[in-house]
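To start, the structure under review is shown below, and the notes come after it.
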Amino acid sequence: MTAQTDAAGVSSPELIRAELAVWVRRNWDPDLPLRDWRTLLLDAGWAVPSWPQRWYGRGLPAWADEVVSAELLRLGAVGVPVGSGTWLAAPTILAHGSDELCLRLLRPILTGEQTWCQLFSEPGAGSDLAGLSTTAVLDGDSWVVNGQKVWNTSAHHADMAMLLARTDSSVPKHQGITYFALPMKQPGVEARQLRQMNFHASFNEVFLTDARVPRDNVVGAVGQGWAAALTTLAYERRFAALQRPAYSPSPGRALDEARAEAERYFATYSWYPQRAGRPDLVVEHARAAGVASDPVVRQAIARLITLQRVSTWTAERARVARAGGARPGAEGSIGKLAASNVARESARVHSLITGAAGLLTGPDATLGGVIAEVLMSVPAVSIAGGTDEIQRNILAEKMLGLPAELRVDRDVPFSQIKGRG
Ligand SMILES: Cc1cc2nc3c(=O)[nH]c(=O)nc-3n(C[C@H](O)[C@H](O)[C@H](O)COP(=O)(O)OP(=O)(O)OC[C@H]3O[C@@H](n4cnc5c(N)ncnc54)[C@H](O)[C@@H]3O)c2cc1C
C-alpha cells in the first residue's frame, strides 16, 4: 500500500489529490523560475503520473493525469506545458523511443524548454499519409532529409518536429517509413506561413533541403515509423479539444512565465473556438438578432444543443470506460465525427439567425465578426487530424468489420507506385 493506493492497492482520485496537496504545500513556490518548478514536478513523479516512475511518473492509471493537472491548477500551481510536445511527441517517444532518446528528449518537453510541431502531411500525402515521399538518407552521423511538408501547425516557431520520412522505397509504402525527431532551427529547414481564408496564419509549408537529423534521433526502428505514427495519430484524435489552462491570477514568477507561455502558445489557436462552431453563442446570438422566439430558430437551436449534449455524454462515457481500464476504442473517431457534426450544425444555426450579414467581418459585424470567423473556420474541423471520411473508414473497418476499402498500392514496393516512387 502506498499513499496513493488503499489497503487493496487500488488508487482513487481522492487519495491522489490528498497526497498531491501535501507535496504542493511543501514544494510550491510561485517565485521559482518556471523551469525550476517543473523540474521539481518531474523529479517527484507528478509531471505525468501515469508514466513509469523512471520517466517522471508514478505508474498510476491513465485517468490520474487529468486528476493531477486539474488539482495542480485548483491549488494555484502549474503543471506541464500544453501543446503537441506534451500531448503527441512525448507519449510517442515514450512508447517507441530508446531509453537514450527518452532521456534526451522528454525532460525538455515537460519543462517547456522545447516546443514541437508535426511534419507529417505533404502536398501529395494527407489522408494517404503512408504515400509520403520526403526522403531521409544516412550520411555518417546524420540523416539527410529532402522534401516538402504542408499544413504544419506552429512549425514557424517550433524547436523540434515529429518528422515522417521515407528511408526505403524498395518495400511497400507502410514499411519504408522512419519517424525522426528533427531539430527545426537549422539552415536546411524553411517554414513559410500560409494565410488562411479566416485571415489567420497558423500553418506552414516546410521545405526540407539537406536538413540534418542526428543519427540516433530515430523514434522506434528504422523503417518502422508507421507504428509510431499511428500512436501519434491516436493521441491527436484523443486530444482534439484544445483547452487553455486556467492559471491562478496571483503574482509570482512561475505563474507569470506559465501565463506568458500559454499566451504565446494559444495565439496560434485563437480561432479554434470558432472552428468548433461556437454553439455556446447561439442563444445570445438569437436574442441579439431579435429572433429568439422564432419557432424555426428555436427548433434549430434545440437540435444543436441536443447534438452537443449527446456528444459530451459519449465522450464522458468513453472517459469513464478508460478510467475503468478499458482499452481506447472507437471513441476517438466517434468523438472527431461528432465534433465535426456539432461545428457544422452550429455554423448552420448561426447562418439561419443572421442571414447574409454573417459574412461581414470587422468590429461592426455581428458579434464583432465572430460569426464570420465561425463560418470560415468550421471546415477545418472535418479535416485536421484525419478527415471525416477517414474516420468513417476506420469505424467501418475496425469497429463494424465491414469489407476493407480496395487498396491496390498496399503491397507493392513504393518505388513501383505510379507517380510516387
Ligand atoms: C486545422 C488543421 C491543422 C493541421 N495540422 C497539421 C499538422 O500540424 N501537421 C501535419 O502534418 N498536418 C496537419 N494538417 C493536415 C491534415 O492532417 C490533412 O489536411 C488531412 O490529413 C487531410 O489530408 P489532405 O489535406 O491532403 O486531403 P486529401 O487526403 O487529399 O483528401 C481530400 C478529400 O478526399 C477524401 N478522401 C481521401 N482519401 C479518402 C478515402 N480513402 N476514402 C474516402 N474519402 C477520402 C478526404 O476525406 C477529403 O475530403 C492539418 C490540417 C488542418 C485542417
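Counting starts at 1 for both ligands and their atoms, in listed order. Below, each value reflects all heavy atoms present in this structure, side chains not excepted, and no hydrogens, waters or symmetry copies. The first residue in the sequence is number 1, and the count goes up from there.
At the top of the distance list for atom 13 (C) of ligand 1, counting protein heavy atoms only, stands Trp151 O, 2.9 Å. Here the protein heavy atom with the shortest distance to atom 3 (C) of ligand 1 is Phe203 CE2, 3.2 Å. The protein atom (non-hydrogen) at minimum distance from atom 52 (C) of ligand 1 is Ala384 CB, 3.4 Å. The protein heavy-atom contact nearest to atom 19 (O) of ligand 1 is Ile383 CG2, 3.3 Å. The protein heavy atom nearest to atom 42 (N) of ligand 1 is Asn393 ND2, 3.2 Å. Here the protein heavy atom with the shortest distance to atom 27 (O) of ligand 1 is Ser127 OG, 4.2 Å. Given atom 39 (C) of ligand 1, the protein heavy atom at minimum distance is Ile390 CD1, 3.8 Å. Among all protein heavy atoms, the one lying closest to atom 41 (N) of ligand 1 is Glu405 OE2, 2.7 Å.
Checked against the 6.0 Å centroid threshold, Phe203 and Trp151 count as a close aromatic pair. Between Tyr235 and Trp87, the ring centre distance reaches or exceeds 6.0 Å.
Glu205 has no carboxylate O lying under 4.0 Å from a charged side-chain N of Lys149, or vice versa, which leaves the two without a salt bridge. Between Glu397 and Arg407 there is a salt bridge, since a side-chain N of the basic residue sits under 4.0 Å from a carboxylate O of the acidic one. For Glu284 and Arg287, the salt-bridge test fails: no basic side-chain N is under 4.0 Å from an acidic carboxylate O.
Taking any N or O of Glu389, backbone or side chain, at least one lies under 3.5 Å from an N or O belonging to ligand 1. Below 3.5 Å of separation, one finds an N or O of Thr153 facing an N or O of ligand 1. For Ser121, a nitrogen or oxygen atom sits less than 3.5 Å from a nitrogen or oxygen atom of ligand 1, counting backbone and side chain alike. Between Trp271 and ligand 1, no N or O atom pair is found at a separation short of 3.5 Å. At under 3.5 Å, a nitrogen or oxygen of Phe120, whether backbone or side chain, sits near a nitrogen or oxygen of ligand 1.
Considering Gly126, Ser202, Ser154 only, the shortest heavy-atom separation from atom 23 (O) of ligand 1 involves Gly126.
Within the 4.0 Å heavy-atom criterion, neither part of Trp116 lies near ligand 1. The proximity of Asp388 to ligand 1, defined as any non-hydrogen pair under 4.0 Å, does not occur for either the backbone or the side chain. Contacts of Thr387 with ligand 1, taken as heavy-atom pairs under 4.0 Å, involve the side chain alone. Of the heavy atoms in Lys149, none comes closer than 4.0 Å to ligand 1.
Side-chain atoms of Ser346 come within 3.5 Å of backbone atoms of Gly277 as a donor-acceptor pair (strictly under, hydrogens ignored). Within the 3.5 Å criterion, the main-chain N or O of Phe266 finds no donor-acceptor partner in the side chain of Arg244.
The shortest distance between side-chain heavy atoms of Val206 and Val150 does not fall below 4.5 Å.
Distances from ligand 1 to the non-hydrogen atoms of Arg392 include no value under 4.0 Å. Using a 4.0 Å cutoff on heavy atoms, Ala380 counts as a contact of ligand 1. Residue contact annotation: Tyr269 has no non-hydrogen atom under 4.0 Å from ligand 1.
Within the 4.0 Å cut-off (strictly below), no protein heavy atom is located near atom 35 (C) of ligand 1. Using a 4.0 Å threshold on non-hydrogen atoms, atom 21 (O) of ligand 1 counts as touching the protein. For atom 9 (N) of ligand 1, the protein comes within 4.0 Å by at least one heavy atom. Per-atom contact check: atom 1 (C) of ligand 1 touches the protein, criterion being a heavy-atom distance below 4.0 Å.
Between Thr178 and Thr167, the side chains place a donor N or O and an acceptor N or O closer than 3.5 Å (distance only, hydrogens not considered). His96 and Thr231 form a side-chain donor-acceptor contact under 3.5 Å, judged by distance and modelled atom types alone. Side-chain contact check for Ser202 and Thr268: no donor-acceptor pair (N or O, by modelled atom type) lies under 3.5 Å.
The CG atom of Leu106 lies 10.0 Å from the OG1 atom of Thr86; values are rounded to the nearest 0.5 Å. Between Asn217 atom CG and Arg104 atom CZ the span is 4.5 Å, to the nearest 0.5 Å.
Summarising the geometry of Ala130 relative to Lys173, their closest heavy-atom pair is O-CB, 3.4 Å, with the distance given to 0.1 Å.
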